[in-house]
Asker: 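One structure is given below, represented as structure tokens, and several questions about it will come after.
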Amino acid sequence: MNSEKLKITVVGLGYIGLPTAAMLASVGHDVVGVDVNPSVVDTVNRGEIHIVERDLDQLVQAVVSQGKLRASLTPEQSDAYIIAVPTPFKNDHEPDTSYVESAARAIAPMLQPGALVILESTSPVGTTEQVAALLVTLRPDLSFPKQGTTGADIQVAYCPERVLPGRIMTELVDNDRVIGGITPVCAERARSLYQTFVRGECVLTDARSAEMTKLTENAFRDLNIGFANELSLICDRLGINVWELIALANRHPRVNILNPGPGVGGHCIAVDPWFIVHAAPEEARLIRTARQVNDGKPHWIVDKVLDALSKAEGQTVACLGLAFKADVDDLRESPALAIVEILAQRAPSAKLLVAEPFIDHLPRTLVGKAELAPAEEAIERADIVVMLVDHKTFKSLDRSRLADKTIIDTRGVWR
Ligand code: SAJ
């Protein structure tokens, strides 16, 4: 591993930026984490964290107390700048790169010859080049990399994060990294930074290929989950247990079907494939269809619950889980949350009980429409139990309590 100690600014202290900043600090770099949210900055400066991620709390506590990581509302002059801000999409699925642009504008005045700028945010193809072009206009006094040339004051590269929420701290170190430079020199510079903490291989390419690699990984997973979700609909129509079917088919040495669920959530897989569809709408037919299949699944589940409500004696529904997947606190793009929200709208007379061990108050959209309750109590009071998230604590619930309930198990926990 490279032993050079650098001053590094990480812009964005979210699910990727904060773990990355803490990891860089833990190998000895002097790190400033920048966030626009003053409460995030205060929390980190106290050595605490504002997200749930295994093993992150001790690391942040340690590096903040050692003075290796500080948080700030503004960037500081550094050897390297890592941008890890959100890239959502707009209403029509058009990518919204405005946070990346704001981050580039924030670091521009700090740039000095020799600095390295790395974009980590999942981004549409061409974004890294756009960041470089924006910096050119903001800092005409500096030279920036151009394809086919080698020398430049500032190096610019794209290196997507690929870590799995829930396993971020180990995957940050162990996963291979794809590093795309605007020029090969940029990629080399970025590699020497990542090699200070990454044990996986750092593979070099150009910026556009690296951007597309990231989008492709998540589109691949979306397509495969979409296949499982479509199977669950087909099996429901044909009266076949989809979980058993998948277990049987997966005994084939070249078949590995993923798990159906209530839909696909999180800020990555439910979003990134649209960046490909937006860039190549005519060609990206499978990718678009997978998105539509997965986005349709929450509505299909809601219809199942409405059907059960029309047959049930009582009208109390226990919804187990709101997070986008098991054992995380993240509600972004969560199909479980969407299902409860739609139910609140479409079944206003039903009593909705929500159990979610990772939150202590309901999201704004459910206040006054649902009640937060411990899982055992919610099940006890319910006529219909909807399993939405396969949290570990839910898997160990006493099944005998379900005996006289209607069960809608979207995750196959009680298959
Ligand atoms: N899901 C299913 N069935 C499955 C697997 C997942 O319904 O068999 C659902 C989950 O419940 C969740 C969604 O899909 O709602 C996404 O979960 P996930 O665990 O597949 O992925 P994320 O969003 O937590 O993280 C993904 C990862 N990408 C890939 O595995 C290709 C991660 O490596 C990326 O770094 C991350 O996206 C990201 O930030 O882009």
Asker: Is Glu53 paired with Arg167 through a side-chain N to carboxylate O contact shorter than 4.0 Å?
Answerer: no
Asker: Can you tell me if Arg162 uses its side chain to pair, donor with acceptor, with the backbone of Asn175 under 3.5 Å?
Answerer: no
Asker: If you measure from the Lys or Arg side-chain nitrogens to the Asp or Glu carboxylate oxygens, is any gap between Arg46 and Asp42 under 4.0 Å?
Answerer: no
Asker: Should the pair Phe89 and His93 be assigned to parallel (<30°), tilted (30 to 60°) or perpendicular (>60°) ring geometry?
Answerer: perpendicular
Asker: With salt bridge (charged side-chain N to carboxylate O under 4.0 Å, His left out) as the criterion, how do Asp272 and Arg221 come out once you've worked through the C-alpha distance, each side chain's angles and the decisive distance to 0.1 Å?
Answerer: CA-CA 11 Å; Asp272 306 352; Arg221 192 149 170 90; over 6 Å; no
Asker: Does a side-chain N-to-carboxylate-O contact under 4.0 Å join Glu211 and Arg208?
Answerer: no
Asker: Taking Val11's backbone N and O only, do any of them form a donor-acceptor pair with Asp35's side chain (distance below 3.5 Å, no angle check)?
Answerer: no
Asker: Would Glu201 and Arg177 count as a salt bridge (charged side-chain N to carboxylate O under 4.0 Å, His left out) if you check the C-alpha gap in whole Å, the side-chain angles of each, and the deciding distance to 0.1 Å?
Answerer: CA-CA 6 Å; Glu201 199 178 330; Arg177 297 294 294 235; over 6 Å; no
Asker: How far apart are the C-alpha atoms of Gln130 and Glu101, what are their side-chain angles, what is the distance that settles it, and do they pass the side-chain contact (heavy atoms from CB on, under 4.5 Å) test?
Answerer: CA-CA 9 Å; Gln130 284 161 16; Glu101 190 187 315; over 6 Å; no
Asker: Say whether Ser209 and Asp206, considering side chains only, have a donor N or O and an acceptor N or O under 3.5 Å apart.
Answerer: yes
Asker: Do Val178 and Lys214 touch side chain to side chain, with heavy atoms closer than 4.5 Å?
Answerer: no
Asker: Take atom CD of Glu380 as the centre, draw a 6.0 Å sphere, and report whether it contains more than 12 heavy atoms from other residues, nucleotides or ligands.
Answerer: no
Asker: With a 4.0 Å cut-off on N to O distance, would you call Asp174 and Arg199 a salt bridge?
Answerer: yes
Asker: Would you say Asp55's side chain and Met169's backbone share a donor-acceptor pair under 3.5 angstrom?
Answerer: no
Asker: Can you tell me how far apart OG1 (Thr170) and CZ (Arg54) are? Round to the nearest 0.5 Å.
Answerer: 7.0 Å
Asker: Checking side-chain polar atoms at under 3.5 Å, does Thr43 have a donor or acceptor matched by the opposite partner on Glu48?
Answerer: no
Asker: Would you find a donor on one side and an acceptor on the other, under 3.5 Å apart, between the side chain of His29 and the backbone of Val31?
Answerer: no
Asker: Give every donor-acceptor pair under 3.5 Å between a side-chain atom in residues 320-337 and any protein atom, sequence neighbours left out.
Answerer:
from: Lys325; atom 1: NZ; to: Pro165; atom 2: O; distance (Å): 3.2
from: Asp327; atom 1: OD1; to: Lys392; atom 2: N; distance (Å): 3.0
from: Asp329; atom 1: OD1; to: Tyr15; atom 2: OH; distance (Å): 3.2
from: Asp330; atom 1: OD1; to: Arg332; atom 2: N; distance (Å): 3.0
from: Asp330; atom 1: OD1; to: Arg332; atom 2: NE; distance (Å): 3.2
from: Asp330; atom 1: OD2; to: Arg332; atom 2: NE; distance (Å): 3.2
from: Asp330; atom 1: OD2; to: Arg332; atom 2: NH2; distance (Å): 3.0
from: Ser334; atom 1: OG; to: Leu322; atom 2: O; distance (Å): 2.5
from: Ser334; atom 1: OG; to: Ala323; atom 2: O; distance (Å): 3.1
from: Ser334; atom 1: OG; to: Ala336; atom 2: N; distance (Å): 3.2
from: Ser334; atom 1: OG; to: Leu337; atom 2: N; distance (Å): 3.3

Asker: Can you tell which of Leu388, Val317, Val305 makes a side-chain contact (heavy atoms from CB on, under 4.5 Å) with Ile408?
Answerer: Val305
Asker: Only distances under 3.5 Å count here; give the side-chain donor-acceptor pairs of residues 65-72 to other protein atoms, sequence neighbours excluded, each with its distance to 0.1 Å.
Answerer:
from: Ser65; atom 1: OG; to: Gln61; atom 2: O; distance (Å): 3.2
from: Ser65; atom 1: OG; to: Ala62; atom 2: O; distance (Å): 2.9
from: Lys68; atom 1: NZ; to: Gly28; atom 2: O; distance (Å): 3.1
from: Arg70; atom 1: NH1; to: Glu76; atom 2: OE2; distance (Å): 3.0
from: Arg70; atom 1: NH2; to: Glu76; atom 2: OE1; distance (Å): 3.0
from: Ser72; atom 1: OG; to: Thr74; atom 2: N; distance (Å): 3.0
from: Ser72; atom 1: OG; to: Thr74; atom 2: O; distance (Å): 2.9

Asker: To the nearest 0.5 Å, what is the distance between OG1 on Thr205 and CE on Met212?
Answerer: 12.5 Å
Asker: Would you say that Val386 contacts Ile384 through its side chain, given a criterion of any heavy-atom pair below 4.5 Å between the two side chains?
Answerer: yes
Asker: May I have the step-by-step check of salt bridge (charged side-chain N to carboxylate O under 4.0 Å, His left out) for Glu371 and Arg381, ending in yes or no?
Answerer: CA-CA 12 Å; Glu371 182 188 326; Arg381 290 166 59 190; 2.9 Å; yes
Asker: Examine distances only and state if a side-chain atom of Asn250 and a backbone atom of Ile257 form a donor-acceptor pair shorter than 3.5 Å.
Answerer: yes
Asker: Distance from Ile301 atom CD1 to Thr410 atom OG1, nearest 0.5 Å?
Answerer: 5.0 Å
Asker: Please give me the minimum heavy-atom distance between Ile179 and Ala187, naming the atom from each residue.
Answerer: CG2-O, 3.8 Å
Asker: Which distance, rounded to the nearest 0.5 Å, do you find between the OH of Tyr99 and the CD1 of Ile83?
Answerer: 15.0 Å
Asker: Looking at Cys186 and Gly181, what are the two nearest heavy atoms and their distance?
Answerer: CB-CA, 3.9 Å
Asker: Less than 4.0 Å between a side-chain N and a carboxylate O, is that true for Arg346 and Asp303?
Answerer: yes
Asker: Enter the distance from Leu204:CG to Cys159:SG here, rounded to the nearest 0.5 Å.
Answerer: 9.5 Å
Asker: Ignoring hydrogens and geometry, is there a side-chain-to-backbone donor-acceptor pair from Tyr81 to Met110 under 3.5 Å?
Answerer: yes
Asker: Does atom NZ of Lys369 have more than 12 heavy-atom neighbours, drawn from other residues, nucleotides or ligands, at distances under 6.0 Å?
Answerer: no
Asker: Under the side chain to side chain contact (heavy atoms under 4.5 Å, CB included) rule, collect the residues that match up with Thr87, sequence neighbours excluded.
Answerer: Val100, Ser121, Thr122, Ser123, Phe275
Asker: side-chain contact (heavy atoms from CB on, under 4.5 Å) between Asp222 and Ile287: does it pass, once the steps are laid out?
Answerer: CA-CA 8 Å; Asp222 195 44; Ile287 295 172; 6.0 Å; no
Asker: Within a reach of under 6.0 Å around NE2 of His361, are more than 12 heavy atoms found that belong to other residues, nucleotides or ligands?
Answerer: no
Asker: Donor-acceptor pair, Arg415 side chain versus Gly412 backbone, under 3.5 Å?
Answerer: yes
Asker: Output yes when a side-chain donor or acceptor of Asp79 lies under 3.5 Å from a complementary backbone atom of Leu6, and no otherwise.
Answerer: no
Asker: Show the numbers, then the answer: is there a side-chain contact (heavy atoms from CB on, under 4.5 Å) between Ile82 and Thr9?
Answerer: CA-CA 6 Å; Ile82 295 181; Thr9 289; over 6 Å; no
Asker: Judged by atom type as modelled, is there a donor-acceptor pair below 3.5 Å linking the side chain of Lys405 to the main-chain atoms of Ala382?
Answerer: yes
Asker: Of all heavy-atom pairs between Pro19 and Gly14, which one has the smallest distance, and what is that distance?
Answerer: CD-O, 3.4 Å
Asker: Applying side-chain contact (heavy atoms from CB on, under 4.5 Å), run through Leu193 and Ile8 and close with a yes or a no.
Answerer: CA-CA 10 Å; Leu193 169 57; Ile8 303 173; 3.5 Å; yes
Asker: What closest approach, in Å, do Val85 and Ala103 show between heavy atoms, and which atom pair accounts for it?
Answerer: CG1-CB, 4.4 Å
Asker: Between Ile339 and Pro262, which heavy-atom pair has the shortest distance, and what is it?
Answerer: CD1-CB, 3.7 Å
Asker: Could you walk me through whether Ser39 and His50 pass side-chain hydrogen bond (donor to acceptor under 3.5 Å, both in side chains), step by step?
Answerer: CA-CA 9 Å; Ser39 95; His50 61 290; over 6 Å; no
Asker: Would you say Lys5's side chain and Val27's backbone share a donor-acceptor pair under 3.5 angstrom?
Answerer: yes
Asker: Measuring from atom CZ of Phe394 to atom CE of Met387, what distance do you get when rounded to the nearest 0.5 angstrom?
Answerer: 6.5 Å
